[in-house]
Amino acid sequence: MPFGKHIREEVRALTPYNAGLTIEEVKAAYQPASIVKLGSNENPFGPSQKAVQAMNALGSSIALYPDPLARSVGAALAEKLDVDPQTIIFGNGSEDLIGAVCRAVLNSGDVVATLYPSFPLHEDYATTMGATVERVVIGDDFAIPLDALIEAASRAKMLIFSNPMNPVGAWLGSDAFRRLIGSLSADTLLVVDEAYFEYAALEAGFPSAIEELKGSNLNWLVLRTLSKAYGLAGLRIGYGIANSPEFKSYLDRVRTPFNVNAAAQAAALAAIGDDGHVQEGVSYIRSERARLMRLLTDKGFRLAPSAGNFLFIDTGQPCDVVATALLKSGIIVKPWRQKGFHDFIRVSIGKSEDNDKFVSALLAFTQKS
Ligand SMILES: *Cc1c(COP(=O)(O)O)cnc(C)c1O
């Protein structure tokens with residue numbers, strides 16, 4: 001008997017997540033001389049050494065279950081962000097919390113609005129619940145169409161998008177963000193995914209959704225992660241700030257009780273205490289990003305200004321062809337396979353010498369050198 005008949009229709013319709021290749025997979029398939037991993041927006045400088053030490057210091061205490069509420073990390077974040085610790089929820093990566101909020105609020109037939117091209121999990125977890133996803137497509141100028149977003153949100157049970165937007169890098173500034181939240185009804189749950197907040201926070205007029213939403217009458221959840229600027233992607237820890245302890249307590253009921261492991265909690269606590277490490281990485285990446293943006297624009301590529309640690313590039317040819325050619329040179333990028341954006345790749349900003357390797361390989365392949 002084919003197994004598919006046991007599977008819910010919503011699940012059968014899902015596309016497998018495009019997680020990108022691991023270093024081991026690329027080694028096995030292409031045997032390149034060296035590998036540059038620019039496919040998953042990781043921090044090329046890695047985590048704070050304080051985080052590594054804290055994790056190593058756990059010793060045999062890993063025999064015990066972790067704190068199901070990650071209270072020590074929560075207390076540190078509550079102080080840093082000036083929020084009630086009872087409104088902070090942790091996830092096995094922030095993606096875990098995207099799933100939790102969808103399970104907690106969505107019924108079959110509900111409408112979810114999001115930006116497109118999208119972070120696929122914003123759509124997939126909603127689709128799994130039977131919700132209908134309404135995509136608001138970015139403009140040809142890569143700008144977020146605010147009026148269309150407001151209009152779509154007015155019909156949605158939930159509005160979820162990342163700011164800055166992955167994969168494009170575009171963002172809503174304070175004025176636009178205030179107009180959006182001013183237009184929302186309390187019937188629409190707002191989920192703002194700020195996975196790249198630490199990179200974007202230095203842009204003039206970039207809004208902290210937490211600050212903007214504090215004190216509003218809306219229902220909201222802001223997601224952040226330690227996977228990107230904090231360099232802890234392998235440990236899997238992200239967090240959400242909800243508008244109330246009540247909302248947070250419902251999210252707790254739809255996650256697994258020990259979703260954040262002891263190593264992640266120990267490392268996160270130390271990492272949060274080492275702002276210097278994050279800020280050093282952020283300023284390096286921002287200056288490299290500007291350099292790359294200029295280089296590629298000069299060579300005639302169409303790309304979006306980005307507030308994240310990545311660039312979204314129109315290569316003028318099918319993304320899988322370009323990505324495979326780059327893999328042969330040992331460079332991993334993310335081919336963007338969503339409809340309408342098949343010619344785009346998303347490349348993470350890495351160390352200067354690695355970015356140069358990427359640019360030379362791309363120019364050689366596209367014959368723009
Ligand atoms: C990377 C990313 C995440 C996932 O981060 P984890 O905390 O590692 O799960 C969530 N949202 C967006 C938009 C991302 O780009």
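All values below were derived from every heavy atom in this structure, side-chain atoms included, with hydrogens, water molecules and symmetry-related copies excluded. The residues of the chain are indexed from 1 along the displayed sequence. Note that ligands are numbered from 1 as they come in the structure, with each ligand's atoms numbered from 1 the same way.
- In this pair, Phe161 and Phe177 present their aromatic rings tilted. The plane angle is within the 30 to 60° band.
- Near Glu95, the atoms of ligand 1 lying under 4.0 angstrom from a non-hydrogen atom of the residue are 9 (O).
- Both cation-pi conditions hold for Arg224 and Phe197: the charged atom is under 6.0 angstrom from the six-membered ring centre and inside a 45 degree cone around its axis.
- When only interatomic distances are considered, the shortest N/O to N/O separation between Asn166 and ligand 1 falls below 3.5 Å.
- Summary of contacts: the protein heavy atom closest to atom 7 (O) of ligand 1 is Thr225 OG1, 2.5 Å.
- Aromatic ring pairs are classed by plane angle as parallel below 30°, tilted from 30° to 60° and perpendicular above 60°; the pair Tyr239 and Phe90 is tilted.
- Remark: Glu9 CD is loosely packed, at most 12 non-hydrogen atoms of other residues, nucleotides or ligands lying under 6.0 Å away.
- Contact between Asn41 and ligand 1 is absent, with no heavy atom of the residue lying under 4.0 Å from the ligand.
- To the nearest 0.5 angstrom, Arg291 atom CZ is 16.0 Å from Arg286 atom CZ.
- The backbone N or O of Asp110 sits nowhere less than 3.5 Å from a side-chain atom of Asn107 that would complete a donor-acceptor pair.
- Between Phe312 and Phe142, the ring planes lie perpendicular to each other; the angle is over 60°, past the 30° to 60° tilted range.
- Not close to ligand 1: Met165, with no non-hydrogen atom less than 4.0 angstrom away.
- Among Tyr196, Phe119, Tyr230, the residue whose heavy atom lies closest to atom 15 (O) of ligand 1 is Tyr196.
- An N or O contact shorter than 3.5 Å links Asp193 to ligand 1 by distance.
- If you number the atoms of ligand 1 from 1 as listed, the ones under 4.0 Å from a heavy atom of Ser227 come out as 6 (P), 7 (O), 8 (O).
- Listed by number with element, the atoms of ligand 1 under 4.0 Å from a non-hydrogen atom of Lys228 are 1 (C), 2 (C), 3 (C), 4 (C), 5 (O), 14 (C), 15 (O).
- For ligand 1 and Ser162, the ligand atoms under 4.0 Å from any heavy atom of the residue are 13 (C).
- The protein non-hydrogen atom at the shortest distance from atom 9 (O) of ligand 1 is Arg236 NH2, 2.8 Å.
- Here's the thing with Asn92: none of its N/O atoms is less than 3.5 angstrom from an N/O atom of ligand 1.
- Residue-level proximity to ligand 1 for Ser94 is carried by backbone and side chain together, each with a heavy atom below 4.0 angstrom.
- Relative ring orientation between Tyr199 and Tyr196 is described as tilted, the plane-to-plane angle lying within the 30° to 60° band.
- With hydrogens and angles left out, the side-chain atoms of Ser348 and Asn41 include a donor and acceptor closer than 3.5 Å.
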